[in-house]
Amino acid sequence: MSEIYPVPPAFAARAHVDAAAYDRLYRQSVEDGEGFWRGQAAFLEWMRPFTRVSDTNFDPADLRIRWFADGTLNASVNCVDRHLPAKADKPAILWEGDTPGENRMVTWGELADKVNRLANVLKGLGVGKGDVVAVYLPVIPEVMVAMMACVRIGAVHTVVFSGFSSESLANRIEDSQAKVLITADEGHRGGRVVPLKRNADVAVAGQPSIRHVVVVRRSGAPVPVTPGRDLWYDEATVAADPWCEPVEVGAEDPLFILYTSGSTGKPKGLVHTTGGYLVHVGTSWRIIFDWHEGDLFWCTADVGWVTAHSYKIYGPLLNGATSVMFEGVPSWPDSSRWWSIIEKHGVNIFYTAPTALRSLMREGEGPVRKHDLSSLRVLGSVGEPINPEAWRWYHSVIGGGRCPIVDNYWQTETGAVLLVPIPGAIPNKPGMAAQPYFGIRPEVVDADGNTLEGAAEGNMCFRGSWPGQARTILHDHERFIRTYFAPYPGRFFTGDGVKRDADGYYRISGRVDDVINVSGHRLGTVELESAISSHPAVAEAAVVGYPHEVKGQGVFAYVTLKEEVPESEELRREIIEWVRARIGPIASPDIVQWAPALPKNRAGKILRRILTKVAANQFDNFGDTSTVADPAVVDDIVRRRQTHLAQEKA
Ligand code: PRX
């Protein structure tokens, strides 16, 4: 029998959606999707109301995804202006800096003022409707201001994770043709300084599309300034007009571009549009976290990921919710940092990722017990499958056994939630993202495209469309169709594997494509391989994921060196450093194993299946090895892995 945690009755009694409401609304949302989403769209303030809800076609020859297309609106009006004057003096953001004791409070009135001023600065720099602005900032209130300032003037933001290297930033600027970059002098993370302006200067040097760089003074450290190109955020915004007329945009005009790794070397710029995204994100955020007026929300995700776009920035802003924003890491200065912030502010809804929970769990209960976490009511988890052991720890040690866990499954591509145990409605089963959100039609599909019924295991697909869905990949609509809609016609294919139990609960088992999920961050193996192969000593590399206790998956790199280059510890470290510098620290290989040759078939294709097994310490049952061109290569790879394991043990 599987482990079930029923919805606490007191929780259900006050919830936006209880079990009966879920059944009724879910049925309505799939039987009459148009009617359901028309109702949900009333959540927004439209400038011109839409007349048609959706216009979609999944024929790969003519793929079309359009929601509320003839409606017009402005995102910043919905996220900020709407809460004024009622909330002018109430906090929008309670910010905690990396260093304990460093904090700020930003009211809704102040947020509006900052957004309007920066919007005017951007306008003055020649940014207009449809232009792209790149944002490379730490987790500070200005990141929210920057995103809102862009959308106020109809510009499109592309936020790049501040842990990415200059090269990753440059690639994203080049692909998006951003006109302006907003960055900071430095960022602070875990007591360390991140040289953002220095990275930005390197990135921008080869990118002629960037005309200006706006620099937020975060640390005050001296940084080089390029006259005529760079301007200080504080000086420019003080001088700017405090009112900026919001630009009316179409529901299908782009809101933002967000890059994510895929199964080729080139990150994909997913394009999200305005109306549908805001409807889906704003309404689902309130429901899945069961937020009520006055509740304090905290999402720990970095602003560079979709989790933060949808459910740290847009969701709370659209609902006028107060959020905690934290710049640092959970382990610094010690591993009670998060718990001390929850206690200090009385956080009610806490949303994080399994990888962080697993690393904190290792520290035991001591750091948690020092703090009063009784304010917590709802806990969220996202980004990767949460293993039942971490789930139980989260539930009992952090949530005191009383908080439902909202394990929500979705992707950069889907914009908003697809599967989730809505907390007042759906009993929890550890490790299961449970049931479909409203309007979402999951299908488990076998390799031949047959839809499986009942308890089943297969590929995770979704039928039909939902408003928050990405509309295309920037400059590559063909890749968008090929990746998501061509594999199983009529359905969106996620790239994930799934198991559905007899109760209709879904358990995501992880990626089935050449993407690995490291600490909840997607990395394309091909992207990693090209970074490693660009090292002058390397002839060839193959990267696979392997089970990692804390990160979920770790990066395992098999590296073939050029002839006559000797294997050495120093070179191993150098290759790891090389990848950090090219992609960013999150992409650091955990294990580099030298491979004088890689197992290939006769056509020269690397047999990843075998490499994945060896990386997971499975040394037999390689399946059909008759295709391996040179079986001795497999023996050598196995022997080297076993020797390494034996040395580790010793
Ligand atoms: O493999 C799934 C995993 O994260 C992937 C999406 O990554 P990204 O686009 O960066 O968005 C992450 C945050 C929404 C998915 O293909 N994933 C995400 N959430 C879950 C998950 N796997 C299991 N359970 C989840 N709750």
Side-chain angles (χ1 to χ4, degrees), residues 159-161 163-164 256-263 267-270 272 277 280-281 284-285 288-289 299-315 351-358 379-388 390-391 394 405-422 426 428-437 440 442 459-462 468-470 473 483-484 492-500 505-524 527 545 551-553 586-587:
V159 180
V160 180
F161 173 48
F164 273 138
F256 66 85
I257 300 162
L258 188 58
Y259 286 85
T260 188
S261 296
S263 44
K268 316 176 262 202
L270 272 316
H272 282 279
Y277 176 84
H280 192 172
V281 163
S284 62
W285 178 82
I288 70 170
F289 293 109
C299 164
T300 65
D302 191 279
V303 288
W305 312 111
V306 78
T307 301
H309 278 65
S310 301
Y311 291 149
K312 178 194 193 95
I313 309 283
Y314 282 102
Y351 183 34
T352 193
T355 187
L357 294 171
R358 284 191 294 264
L379 300 174
S381 172
V382 73
E384 47 175 322
I386 179 165
N387 49 310
W391 191 100
Y394 199 22
I405 294 186
V406 180
D407 175 2
N408 49 115
Y409 167 76
W410 49 294
Q411 309 179 305
T412 307
E413 291 84 344
T414 73
V417 66
L418 299 177
L419 299 177
V420 56
I422 292 178
I426 315 282
N428 277 155
K429 289 193 190 185
M432 303 191 96
Q435 302 273 352
Y437 185 71
I440 304 299
N459 296 314
M460 185 77 252
C461 291
F462 292 88
Q469 182 168 35
I473 293 174
T483 312
Y484 306 109
F492 169 88
F493 173 48
T494 58
D496 284 306
V498 66
K499 209 169 170 173
R500 181 175 52 211
Y505 272 61
Y506 293 83
R507 182 193 296 281
I508 300 296
S509 50
R511 306 287 308 190
V512 294
D513 54 5
D514 289 334
V515 170
I516 52 184
N517 192 331
V518 179
S519 302
H521 304 316
R522 277 162 71 171
L523 297 169
E527 204 180 335
K551 301 178 176 185
Q553 281 193 296
I586 54 162

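Values below: all heavy atoms of this structure, side chains included; hydrogens, waters and symmetry mates excluded. Counting starts at 1 for both ligands and their atoms, in listed order.
- In terms of the side-chain hydrogen bond (donor to acceptor under 3.5 Å, both in side chains) criterion, D407 has no residue partners (sequence neighbours excluded).
- Using a 4.0 Å cut-off between a side-chain N of Lys or Arg and a carboxylate O of Asp or Glu, E384 and R358 qualify as a salt bridge.
- In this structure, H309 has its ring center under 6.0 Å from that of F256.
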Pairs under 3.5 Å, nitrogen or oxygen of ligand 1 with protein nitrogen or oxygen:
residue	atom	partner	partner atom	Å
ligand 1	1 (O)	D496	OD1	2.6
ligand 1	1 (O)	D496	OD2	3.4
ligand 1	4 (O)	G383	O	3.1
ligand 1	4 (O)	N517	ND2	3.4
ligand 1	9 (O)	T412	N	2.7
ligand 1	9 (O)	T412	OG1	2.5
ligand 1	9 (O)	R522	NH1	2.7
ligand 1	16 (O)	Q411	NE2	2.8
ligand 1	16 (O)	D496	OD1	3.4
ligand 1	16 (O)	D496	OD2	2.5
ligand 1	16 (O)	R511	NH1	2.7
ligand 1	17 (N)	G383	O	3.4
ligand 1	19 (N)	G383	N	3.1
ligand 1	22 (N)	P385	N	3.4
ligand 1	24 (N)	E384	O	3.4
ligand 1	26 (N)	D407	OD1	2.7
ligand 1	26 (N)	N408	O	2.8

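- Residues satisfying the side-chain hydrogen bond (donor to acceptor under 3.5 Å, both in side chains) criterion with Y437, sequence neighbours excluded, are absent altogether.
- Scanning for side-chain hydrogen bond (donor to acceptor under 3.5 Å, both in side chains) contacts around R500 gives Y506, with sequence neighbours left out.
- Ring-centre distance between F462 and W410: not below the 6.0 Å cut-off.
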